[in-house]
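Just the heavy atoms: all of them, side chains too, but no hydrogens, waters or symmetry mates, feed the values below. Within every chain, numbering begins at 1; the chains are lettered A, B, ... in the order of the sequence lines, protein sequences first and strands thereafter. Quantities reported herein were computed from a predicted structural model and do not represent experimental measurements.
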Amino acid sequence: MKVILRHPKRREVELAGRRRVEELLKELNVHPDTVLVIRGGELLTRDVVVREDDVIEVRPVISGGAGAPRRRAGRCE
Amino acid sequence: MRCRKCGEKAAIEIRRHNTAFCAPHFVDHFRDQVERAIRGQRMFGPDQRVLVAVSGGKDSLALWDVLLDLGYRTSGLYIGLGIGAYSAESQQKCETFAAARGADLLVVDLAGEYGFDIGEIPTLTRRAPCSACGLSKRYLFNKVARERGFDVVATGHNLDDEAATLLGNVLHWQAGYLARQSPLLEESAAGLARKVKPLYRLGELETAAYAVLRGIDYIVEECPNSVGATSLRYKEALNLLEATSPGTKMMFLQGFLDRARALFVGQEQVALHDCPQCGQPTTGDACAFCRLIGEVQRRKAERAERRARRAVAAAASAQR
Ligand code: SF4
Ligand SMILES: [Zn+2]
Ligand SMILES: [Zn+2]
């Protein structure tokens, strides 16, 4: 299957065989609460099995914050 | 996995609530959470005018979408920061979003209206771009809200943002920031507009899922200046805790709001008065934004002078 990753840069990896989303994320070393797994506009939960011919996007959901804040720790507005 | 409401195939699992929803029921859940935040905190009513600060990212566009959907009176405000390709793309996302919904989008362009942008801050000054950017945005949200008669400014901060900010403020015991960290900051007599965060009960997985399920085309890439932000490390730390104890972030934030924040309020009283140059509220002499503009103009003038001197010298040596 083709997996599109968006972080830190957009890149694609090819993986052979079918597996559950949960296993896919473990292999990619991605924490499941930090990404959406998308197949053709559809969101997949971690128990779904993805197949050899699928195109899967793993999209990060963590937004950064203001860089190098001296005092303000938060996310930028 | 199945939807808790209807038993259909689930689109998203929310471990914090130990539940899962199909797409339509998740959208209902999202709306409910936003309405609960707005009503529970008395953020604004259906007749009030809401200025939604939009960046083109998932949170702010999801916020604007849900407020439009719930029938609130909103306008979007986009600030053109001039951060290269990131700004160009994020502005286009906001414009496309607003046009598709017939919604009102206000745009303030830093370069066009104030003669500088965030992209040139590092070459002109010693300031970190984010500090100049943050103060410019806060200033402009407030200014536009007051000048154009909005009742409230809404930002897209979500549960993860708020929990990470809280962790940072606690680690450094920032009493003043702790006093002001709230999903609702009342308008102040000195001229600060009311500020609200209607997404504070929703995690960023949920705001992203909502954006995707509603077909919102948002900018996935981050601002290049956010790379390595401390708040990302705080988010990672909280995600680690959340993984083994779902609900930790919500408990941390809600517990602070319910039981601890009041202890900090009033500890750091700051007196606000009008900036002599622009009239916006400030604690110091001239406000931070006017000082920033002053500094930028000074540097630009110095640079122009150096260039002119070099040109004169070059012309003189050419004549010789
Ligand atoms: S990351 Fe920094 S420069 Fe980028 S939008 Fe946020 S505050 Fe501004
Ligand atoms: Zn359902
Ligand atoms: Zn001023």
Report summary line: So CD1 of B:I12 and CZ of A:R46: to nearest 0.5 Å the spacing works out to 12.0 Å

Query raised in the report: What part of A:V35 lies closer than 4.5 angstrom to a heavy atom of chain B: side chain, backbone, both or neither?
Result: backbone

Query - B:E162 versus chain A, the contacting section by heavy-atom distance below 4.5 Å - result: neither

Requested in this report: May I ask you to check whether over 12 heavy atoms, not counting those of B:N18, lie within 6.0 Å of atom CG?
Outcome: no

Query raised in the report: Has B:R127 got more than 12 heavy atoms of other residues, nucleotides or ligands less than 6.0 Å from its CZ?
Result: yes

Requested in this report: Report yes if some heavy atom in the side chain of B:V212 is under 4.5 Å from a heavy atom in the side chain of A:R59; otherwise report no.
Outcome: yes

Report task. Grab the two heavy atoms, one from B:V220 and one from A:R6, that are nearest each other, plus how far apart they are. Result -> CB-NH2, 3.4 Å

Report summary line: Honestly, the part of B:K195 sitting under 4.5 Å from a heavy atom of chain A is side chain

Report task. Please answer whether the main-chain N or O of A:S63 pairs with a side-chain N or O of B:E222 as donor and acceptor at a distance below 3.5 Å. Result -> no

Query raised in the report: Can you find a pair of side-chain heavy atoms, one from A:H31 and one from B:E236, that are under 4.5 Å apart?
Result: no

Report summary line: If one checks every heavy atom of B:F26 against chain A at 4.5 Å, the contacting part turns out to be neither

**Report entry** Donor-acceptor under 3.5 Å (B:K9 side chain, A:L44 main chain)
**Finding:** no

Requested in this report: Give, as side chain, backbone, both or neither, the part of B:L213 having an atom under 4.5 angstrom from any heavy atom of chain A.
Outcome: side chain

Query raised in the report: How many angstroms lie between atom CG of A:D47 and atom CD of B:E13, to the nearest 0.5 angstrom?
Result: 7.5 Å

Report summary line: Cut-off 4.5 Å, heavy atoms of chain A, and the answer for B:A11 is both

Query raised in the report: Side chains of B:D160 and A:I62: closer than 4.5 Å at any heavy-atom pair?
Result: no

Report summary line: Max heavy-atom pairs within cutoff under 4.5 Å with chain A, candidates B:A211, B:A208, B:C223, goes to B:A208

Report summary line: Residue from A:T34, A:I38, A:L43, A:D33 scoring the most non-hydrogen pairs under 4.5 Å with chain B is A:L43

Query raised in the report: When you look at B:E221 and A:R10, which way does the salt bridge (charged side-chain N to carboxylate O under 4.0 Å, His left out) test go after all the steps?
Result: CA-CA 9 Å; B:E221 283 67 35; A:R10 190 190 165 97; over 6 Å; no

